[in-house]
Protein chains: 2
Amino acid sequence: MADTSTRSVERALLLLGAVCERGTVSLAEAARDAGLSASTALRLLRTLESTGFVRRDGAGGYRAGLRVVQLGAQALSSESLVSLAEGALDRLVGLTGESAYLSVPSHDGHGVYLAVREGTHSVRHASWVGRSIPLEGTAVGAVLSGATPSTGYVVVRDGVEADVTAIAAPVRAGGRIAAALSVVVPSYRIREDESAGIGMHVAREAAAILPVTSATPEGESA
Amino acid sequence: MADTSTRSVERALLLLGAVCERGTVSLAEAARDAGLSASTALRLLRTLESTGFVRRDGAGGYRAGLRVVQLGAQALSSESLVSLAEGALDRLVGLTGESAYLSVPSHDGHGVYLAVREGTHSVRHASWVGRSIPLEGTAVGAVLSGATPSTGYVVVRDGVEADVTAIAAPVRAGGRIAAALSVVVPSYRIREDESAGIGMHVAREAAAILPVTSATPEGESA
DNA sequence: ATTTGTATTTCACTTATTGAAACTCCATTT
DNA sequence: AAATGGAGTTTCAATAAGTGAAATACAAAT
């Protein structure tokens, strides 16, 4: 197995990431971000362009192409977890008025929000599908790494983001932890004892997302 | 300039497309789809895997990774056209009860639905964001290639999809055509004279999406 | 036990990728 | 106006990096 990895492809994907994150980049910026020489970056960006993954705007800047939108939408809709979790998200928002999220582990120490329901309070936590979140020091991270205490939920006050408290619980698929369900609250609005109450709701909803099957996990997430 | 394109990258992107379209594929299938030898496909898929663009399920199959979801969501949300068109889509659905779409040209003779509003009739056209549509023989295609007659809209009955009639009009950004706005109706439900009425509405809404500026197009779409 | 199909590894061949340098534009500065 | 600096682009020789056939390993089907 080893490090079988294709350099030019790795680099191209790095560039693609840089372009998507920045929204619009010049060749020089993209090259710097990805640590490549301008000529190499140009060549790779052209390849990305000819395949629709990247496009150029009037001014010559690079931005995400439609292929990215297309594949992303397809991939998201094939995540049945998202549809399974919709009821739970809605109920949590209804119950608490706070924003609720479904997240899964992504790569290198991060997770992603796969589904989002915004809260109803006018001051509320706001994020978006696709948002990348660190696993270290977050409630979602604790849950996804299996560090959920016996209470069934994790509360992290003022973790990565200041002034917000996150309450998360694991969505289990057979043996594995497939995802985390969480509610995020402006810290000023919540007392210790309240977080416990919400925690129990989150834990209950999370537990109910996947049918309790004694069968093999197997097809796991998705 | 010429064909400056990096083969391994092209191939990797082909594989990524194959994986995303099929939902879940074995190595052999993916390799066949992309016309690659198994060993090459394996190497490239591993690279895609290590960067989060592809992941493997329990059975060893390949499926779209979270990076795809993430970048896709980001890209879609940075398309300001989508939010600008929301009102128009809503009004068209309200007026006609039929499904309404915003589409833009993608690559090689195809377009993509960037935004969708489902109609309210129980028998209605249904599609999804990211859906790829041919430009040949479709109302959207005619509009995007600038073939809109002076009436301001295009009607295509039973074009690519049988039994449906599409009515489309161009969204202009300065000089360019940035997108197409369309309504898609089951053909049995619409008479000639009705399509003209809807056409005028579509054309009016499409024209109003972007502020009429005499300034340079420039930043165009997005 | 044999066959068939897929996944994976190895390896010699060489093709395809690479980056420095050169050149062109264009906007700013002197 | 000339000079400067920065971005985008092209060229090209060096070789690092990617390729696919074949070998091996595994598993399921006959």
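All chains are named by letter (A, B, ...) in the order of the sequence lines, taking the proteins before the strands, and each is independently numbered beginning at 1.
Relative to the side chain of Arg56(B), the nucleotides dA17(D), dG20(D), dT8(C) differ in distance, and dT8(C) lies closest. In this structure, of dT19(D), dG18(D), dT8(C), it is dG18(D) that holds the atom nearest to the side chain of Arg7(A). Closest contact between the side chain of Leu27(A) and the listed nucleotides dT8(C), dT19(D), dG8(D) involves dG8(D). Of the candidates dT19(D), dT9(D), dT18(C), the closest approach to any side-chain atom of Arg46(A) belongs to dT9(D). Each of dT8(C), dA7(D), dG18(D) was ranked by its minimum atom distance to the side chain of Thr6(A); first place goes to dG18(D). Closest to the side chain of Ala28(A), from the set dG8(D), dT19(D), dG19(C), is dG8(D). Side-chain proximity of Arg32(B) to dT10(D), dT6(C), dG18(D): nearest is dT6(C).
The interatomic distance linking Leu42(A) (CG) with dT9(D) (P) rounds to 5 Å, in whole Å. Protein atom CD of Glu10(A) is 18 Å distant from nucleotide atom P of dA16(D), rounded to whole Å. Distance, Tyr62(A) OH to dT9(D) C1': 10 Å, rounded to whole Å. For Arg43(A) and dA17(D), the CZ to P distance is 13 Å, given to the nearest whole Å. When the P atom of dT18(C) is taken as reference, atom CG of Leu45(A) falls 12 Å away, rounded to whole Å. Regarding Glu29(B), its CD atom lies at a distance of 14 Å from the P atom of dG5(C), rounded to whole Å. With rounding to whole Å, Arg11(A) atom CZ is found 14 Å from dG18(D) atom C1'. The distance from atom CG of Leu44(A) to atom P of dT10(D) is 15 Å, rounded to the nearest whole Å.
A salt bridge does not link Glu49(B) with Arg55(B): every distance from a Lys NZ or Arg NE/NH1/NH2 to an Asp or Glu carboxylate oxygen is 4.0 Å or more. Residues Glu118(A) and Arg124(A) are paired through a salt bridge, judged by an N-O separation under 4.0 Å between the basic side chain and the carboxylate.
Taking all atoms of both residues into account, the shortest heavy-atom contact from Ala31(A) to Leu15(A) is N-CD2, 4.4 Å.
Note on Thr40(A): a side-chain N or O is less than 4.0 Å away from OP1 or OP2 of dG19(C).
On a pure distance criterion of 3.5 Å, a polar donor-acceptor pair joins the side chain of Ser39(B) and the base of dG20(D).
Within a 6.0 Å sphere centred on CG of Asp90(A), other residues, nucleotides and ligands contribute more than 12 heavy atoms.
Heavy-atom nearest nucleotides on DNA chain D were determined for Ala38(A) and for Val9(A), and the one closer to the 5' end corresponds to Ala38(A).
Side-chain rings of Tyr153(B) and His201(B) stay apart, their centers remaining 6.0 Å or farther from each other.
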